A.B. asks: 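Supplied in C-alpha cells, the structure appears directly below.
Quick caveat, the model's predicted, so the values are computed rather than measured.
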Amino acid sequence: QVQLVESGGGLVQPGGSLRLSCAASGSIFSIHAMGWYRQVPGKQRDLVAHITSGGRTTYADSVKGRFTISRDNAKNTVYLQMNSLKPEDTAVYYCNADVTDKYAVTRTFWGQGTQVTVSS
C-alpha cells in the first residue's frame with residue numbers, strides 16, 4: 001500500500017505564486033522518478049515537470065523559467081514551486097511517483113489531484 005497526498009493548491013492572482021507538495025507514504029522501499037501533471041476539462045493530462053531520483057529535471061515548455069520541481073528524498077516528498085502564474089496555468093494538478101514497495105514490486109501511483117486557479 002502506497003499513498004500520495006497532495007497539498008498547496010488554491011486560488012491566486014495572475015503573477016502570484018504557489019507551492020504544491022506531494023508526500024508518499026506506506027510500504028515504500030524506494031521512490032524512483034516523480035512528476036507533476038495537470039489537466040483541464042476537455043484536455044488530456046499533460047506533463048508539467050519531472051524529476052529523477054538523482055535530481056535530473058524536465059519541464060514542459062509552457063512552464064520553463066516559472067516552475068521548479070524539487071524533492072526531499074528523506075521525506076518522500078516532491079514539490080512544485082510555481083511562480084509568475086498565468087490564467088492558463090489553471091488546472092487540476094496531479095503528482096505521481098514510480099515506487100518500489102517493500103516486496104520489491106514497482107508501480108506508478110497518482111495523487112488525488114489539487115485544484116490550482118489563477119484568476120483576477
A.B. asks: Kindly compute the distance separating CZ (R71) from OG1 (T52), expressed to the nearest 0.5 Å.
C.D. replies: 7.0 Å

A.B. asks: Measuring from atom CG of L4 to atom CD of Q112, what distance do you get when rounded to the nearest 0.5 angstrom?
C.D. replies: 8.5 Å

A.B. asks: Kindly compute the distance separating CG (L47) from OG (S62), expressed to the nearest 0.5 Å.
C.D. replies: 9.5 Å

A.B. asks: With side chain to side chain contact (heavy atoms under 4.5 Å, CB included) as the criterion, how do V63 and R38 come out once you've worked through the C-alpha distance, each side chain's angles and the decisive distance to 0.1 Å?
C.D. replies: CA-CA 12 Å; V63 307; R38 66 187 182 188; 3.9 Å; yes

A.B. asks: Take T90 and V40, measure what side chain to side chain contact (heavy atoms under 4.5 Å, CB included) needs, and give me the verdict at the end.
C.D. replies: CA-CA 8 Å; T90 296; V40 299; 5.8 Å; no

A.B. asks: How long is the span from the CD1 atom in I28 to the CD atom in Q3, to the nearest 0.5 Å?
C.D. replies: 10.0 Å

A.B. asks: Roughly how far, to the nearest 0.5 Å, is CH2 of W110 from SG of C22?
C.D. replies: 10.5 Å

A.B. asks: Salt bridge or not between K86 and D89? Use side-chain N to carboxylate O under 4.0 Å.
C.D. replies: no

A.B. asks: Would V99 and F29 satisfy side chain to side chain contact (heavy atoms under 4.5 Å, CB included), going step by step from the backbone distance to the final call?
C.D. replies: CA-CA 8 Å; V99 179; F29 178 76; over 6 Å; no

A.B. asks: Once rounded to the nearest 0.5 Å, what's the spacing between atom CG of N76 and atom OG of S25?
C.D. replies: 8.5 Å

A.B. asks: What do the steps show when you test L85 against F67 for side chain to side chain contact (heavy atoms under 4.5 Å, CB included), and what is the final call?
C.D. replies: CA-CA 9 Å; L85 283 161; F67 291 10; 3.8 Å; yes

A.B. asks: Is the number of heavy atoms from other residues, nucleotides or ligands within 6.0 Å of CD (Q1) greater than 12?
C.D. replies: no

A.B. asks: Less than 3.5 Å apart, which donor and acceptor atoms pair up between the side chains of residues 30-37 and the rest of the protein, not counting sequence neighbours?
C.D. replies:
| from | atom 1 | to | atom 2 | distance (Å) |
| --- | --- | --- | --- | --- |
| H32 | NE2 | T100 | OG1 | 2.7 |
| W36 | NE1 | Y79 | O | 3.4 |

